[in-house]
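Below, chains carry the letters A, B, ... as their sequence lines are ordered, and counting in each starts from 1. It should be emphasised that the depicted structure is a prediction, and the values quoted were computed from it without experimental measurement.
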Number of protein chains: 2
Amino acid sequence: MTTPHQSRADRRRATEARILAGARELFAERGFDRTTIRAVATAAGVDPALVMQYFGSKRELFTRAVQAFPAPPAPGGADALVDQLLATLGLKLGGLPEGTLAMMRSMLTDPAAAEQAREALGRQIDGIGAALSAADDPELRAALVITTLLGVTIGHQLLGLPALRDAPADRIAALLRPAVEALTEPGPSCGPRRPTA
Amino acid sequence: MTTPHQSRADRRRATEARILAGARELFAERGFDRTTIRAVATAAGVDPALVMQYFGSKRELFTRAVQAFPAPPAPGGADALVDQLLATLGLKLGGLPEGTLAMMRSMLTDPAAAEQAREALGRQIDGIGAALSAADDPELRAALVITTLLGVTIGHQLLGLPALRDAPADRIAALLRPAVEALTEPGPSCGPRRPTA
DNA sequence: GTCTATAACATGATAGAC
DNA sequence: GTCTATCATGTTATAGAC
């Protein structure tokens, strides 16, 4: 049952990968504080001290295991932007990457995760803000769009609010679309309410 | 400087109040896990064991110190509802009660806090859903409104996103208003995009 | 007797010995 | 790579002060 063609370096890489996978899952489920090195080691089938040997600290393990938020959206028109955002939300309501879940779950209680989240969300906000440069206060609008989607994602994925959990993702996206458009469009978004003045 | 008319029960109440105040502040700043009984005791100027004696457990202390989310909005028309929600948001962006902050900060990592948050948010959603019964999917719409405001509040108060932190509260409310209205109004809210077909 | 402080025990992160 | 030691923490049990 030995694998003679697997070098020591290969085995080390495989062990590292197992540790990272287990850590990602546990960090996503329980957050930074509640995840113990022992639990990660058990999940990976190794000795707890080995985890420390490989990664130096729990914090380093977290950083390595957790991928930052998805990259900012490709620059494009403001119209395509809304479609793109809602599409990623659709994904979010389905299967968000475990690393992103881990980050979101830890960002309110762990200062380092909070800093990473601030930076990642800031990049997204900047990207969206650039696409909204036609409107007034593009950055603020972008921040509101992002935090809105963040709130819905938290309510759905992390808190499991029944009202959201039981709704189909496309229905949520459909209801959210006009709201996001209202945030990205300058001035009073709807004509019918005030007929040109 | 002694207060001869202060009975033992009075002194006990005062000590309890000091402990609760310190706990509320620390829970709001650091969340449940990162707040230690020892730190609470130091903040209140008492012995750590006394805190346990008074409250039995850290969890009980948290429950006693943290007030639930604000009560659901008074039932009213859907129009008044939006005003009311944005008004509370205005408050939220200013000074949210420390207990609410503590709850929000802990709800992603502490299962008990998550359950409390689910219940409190569920009550708010039910209240708003009742006011939206004219529209389709009133509960889902209500949930999206609540999670939207939750996301903005988290981004502003707990994460401190610069784009939100630097914006005046009334400007945020003004930009958010059409978005919330789009969530509460039935049907396609804007004509210009697709002229009836 | 009730309030407060001290000590003891279990678990977790981390560092150094082997 | 594994084992042991150290420190911080939550919690329980115990002893002292009023």
Side-chain angles (χ1 to χ4, degrees), chain A residues 2-3 6-20 22-27 29-66 102 105-106 109-113, chain B residues 1-20 22-27 29-66 102 106 109-113:
Chain A
T2 60
T3 52
Q6 200 178 35
S7 71
R8 209 170 350 221
D10 284 338
R11 293 192 356 97
R12 154 133 191 174
R13 256 190 297 277
T15 303
E16 256 195 37
R18 271 210 322 281
I19 294 173
L20 284 172
R24 203 162 14 239
E25 187 174 338
L26 289 171
F27 281 136
E29 275 176 17
R30 313 181 191 175
F32 183 83
D33 289 331
R34 304 254 272 242
T35 298
T36 69
I37 296 281
R38 282 170 166 84
V40 171
T42 300
V46 301
D47 188 274
L50 185 63
V51 178
M52 294 297 298
Q53 172 103 1
Y54 278 3
F55 297 95
S57 73
K58 188 180 173 182
R59 160 124 292 117
E60 187 69 20
L61 173 63
F62 181 79
T63 305
R64 292 274 310 273
V66 169
R105 201 176 283 286
S106 306
T109 42
D110 183 73
Chain B
M1 198 44 88
T2 60
T3 54
H5 294 96
Q6 200 179 33
S7 72
R8 199 146 29 191
D10 284 336
R11 291 191 356 98
R12 155 132 190 175
R13 257 189 297 276
T15 303
E16 255 195 40
R18 271 209 322 279
I19 294 173
L20 283 172
R24 201 161 17 238
E25 187 174 338
L26 289 171
F27 281 135
E29 274 176 19
R30 315 182 190 171
F32 183 83
D33 288 331
R34 306 279 253 245
T35 297
T36 69
I37 296 280
R38 286 168 166 85
V40 172
T42 300
V46 301
D47 188 274
L50 185 63
V51 178
M52 294 297 299
Q53 176 97 2
Y54 278 2
F55 297 94
S57 72
K58 187 180 174 182
R59 160 125 292 117
E60 187 69 20
L61 173 63
F62 181 79
T63 305
R64 292 272 312 272
V66 169
S106 306
T109 42
D110 182 72

- Are T15(A) and Y54(A) close enough that some pair of their side-chain heavy atoms sits under 4.5 Å apart? yes

- Under a 4.5 Å cut-off applied to non-hydrogen side-chain atoms, are D33(B) and T109(A) in contact? no

- Message: By the 4.0 Å heavy-atom rule, please label T15(B) as base, sugar-phosphate, or nothing.
- Response: nothing

Nearest to the side chain of [X] - [options]?
| X | options | result |
| --- | --- | --- |
| T36(B) | dT2(D), dG10(D), dT4(C) | dG10(D) |
| A49(B) | dC3(D), dT6(C), dT4(C) | dT6(C) |
| S57(A) | dC3(D), dA5(C), dT14(C) | dT14(C) |
| L50(A) | dA13(D), dT11(D), dG1(D) | dG1(D) |

- Message: Please verify the inter-ring angle class for F27(B) with F62(B); under 30° counts as parallel, over 60° as perpendicular, anything in between as tilted.
- Response: perpendicular

Taking atom [atom2] of [N] as reference, at what distance in whole Å does atom [atom1] of [X] sit?
| X | N | atom1 | atom2 | answer |
| --- | --- | --- | --- | --- |
| I37(B) | dT9(D) | CD1 | P | 12 Å |
| F55(B) | dG10(D) | CZ | C1' | 16 Å |
| R30(B) | dT9(D) | CZ | P | 10 Å |
| M52(B) | dA5(C) | CE | C1' | 15 Å |
| Q53(B) | dT12(D) | CD | P | 12 Å |
| R34(A) | dA13(C) | CZ | P | 13 Å |
| L61(B) | dT11(D) | CG | P | 10 Å |
| R18(A) | dG1(D) | CZ | C1' | 14 Å |

- Message: Nearest heavy atom decides the nucleotide; on that basis, is R38(A) or Y54(A) closer to the 5' end of DNA chain D?
- Response: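 That would be Y54(A).
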
- Can you tell which of R105(A), R34(A), K58(A), R59(A) makes a salt bridge (Lys or Arg N to Asp or Glu O under 4.0 Å) with D110(A)? R59(A)

- Task: Hey, which sits more toward the 5' end of DNA chain C by its nearest nucleotide, R12(B) or P48(B)?
- Result: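 Result of the comparison: R12(B).
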
- Message: Test side-chain contact (heavy atoms from CB on, under 4.5 Å) on I19(B) and E16(B); report intermediate values, then the result.
- Response: CA-CA 5 Å; I19(B) 294 173; E16(B) 255 195 40; 5.6 Å; no

